Each structure stands twice: as C-alpha cells, then as structure tokens.
Amino acid sequence: IWYFLLIMDAQQIKSNTTERLQTRINMIREESRTLSHRIAILEERRKELQENKKHFKNLLQELEGK
C-alpha cells in the first residue's frame with residue numbers, strides 16, 4: 001500500500017511540475033509577443049523622431065543661410 005501511495009504522490013508531483021512548467025512556458029511566450037509588439041511601436045516612433053530631426057535641421061540650415 002505504501003508503494004502505491006508513493007507512486008501516486010510521485011505521479012501527482014510529476015503532473016503538477018509539468019503543469020507548472022507549461023504555465024511558465026506560456027507566460028514567457030506571451031511576454032515575448034508583448035515585447036515584440038512594443039519593439040515594433042518603438043521602432044516606428046524612432047523613425048518619426050529621426051524624420052522630425054532631419055526636418056528641423058533643414059529648417060535651421062535655411063534660416064542660417066538667409
């Protein structure tokens with residue numbers, strides 16, 4: 001009987017561990033997707049800022065040239 005109980009406990013532990021690891025993997029995947037999305041947004045924002053900087057530099061050159 002003890003052997004059966006030990007096997008049951010070991011199976012429960014294995015099942016719980018597997019479930020926890022799957023949950024952890026899913027959380028990591030979700031965080032990775034979120035970060036990828038944020039990176040795309042930040043890259044777009046950086047491009048806009050670079051365009052604005054170029055525009056203002058050109059304006060400055062025109063004003064200094066006059």
Side-chain angles (χ1 to χ4, degrees):
I1 291 176
W2 281 105
Y3 177 74
F4 178 73
L5 292 175
L6 288 174
I7 290 174
M8 258 185 85
D9 286 342
Q11 289 174 345
Q12 286 177 333
I13 290 170
K14 183 179 177 183
S15 176
N16 288 344
T17 301
T18 300
E19 187 176 329
R20 286 181 184 179
L21 289 173
Q22 287 295 336
T23 300
R24 183 76 173 166
I25 290 167
N26 290 336
M27 290 172 63
I28 290 170
R29 283 183 180 143
E30 183 62 33
E31 184 176 2
S32 179
R33 279 193 286 273
T34 301
L35 289 174
S36 293
H37 182 68
R38 287 182 62 197
I39 288 168
I41 290 170
L42 290 173
E43 285 176 340
E44 185 62 30
R45 179 67 179 137
R46 183 172 184 261
K47 187 190 302 183
E48 291 172 3
L49 289 171
Q50 287 175 333
E51 290 171 1
N52 285 339
K53 181 178 77 173
K54 184 177 179 181
H55 172 73
F56 289 123
K57 278 186 169 184
N58 289 338
L59 284 176
L60 183 61
Q61 285 178 350
E62 285 180 26
L63 290 174
E64 289 176 341
K66 290 185 178 181

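Remember, predicted model here, so these are calculated numbers, not experimental data.
Between E31 atom CD and R38 atom CZ the span is 9.5 Å, to the nearest 0.5 Å. Summarising the geometry, atom CG belonging to L35 is positioned 11.5 Å from atom CD1 belonging to I28; distances are rounded to the nearest 0.5 Å. The structure places CG of N52 at 13.0 Å from NZ of K47, a figure rounded to the nearest 0.5 Å. Atoms CD and CD, on E48 and E51 in that order, are 7.0 Å from each other to the nearest 0.5 Å.
Listed by chain and number, the hydrophobic cluster partners of L59 are F56, where partners are ILVMFWY side chains within reach of under 4.5 Å, directly or through others.
By the 4.5 Å heavy-atom criterion applied to side chains, Q61 and K57 are not counted as neighbours.
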I'd like a table of donor-acceptor pairs (distance under 3.5 Å, sequence neighbours excluded) in which one partner is a side-chain atom from residues 17-27, with atom names and distances.
{"residue": "T17", "atom": "OG1", "partner": "I13", "partner atom": "O", "Å": "2.8"}
{"residue": "T18", "atom": "OG1", "partner": "K14", "partner atom": "O", "Å": "2.8"}
{"residue": "T23", "atom": "OG1", "partner": "E19", "partner atom": "O", "Å": "2.9"}
{"residue": "N26", "atom": "ND2", "partner": "Q22", "partner atom": "O", "Å": "3.3"}

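Paired with H37 under the rule side chain to side chain contact (heavy atoms under 4.5 Å, CB included), one option of I41, I39, T34 passes, and it is I41.
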query = Given the rule in the side-chain contact (heavy atoms from CB on, under 4.5 Å) test, do R33 and E30 qualify, once you have shown the distances and angles that lead to the verdict?
reply = CA-CA 5 Å; R33 279 193 286 273; E30 183 62 33; 3.2 Å; yes

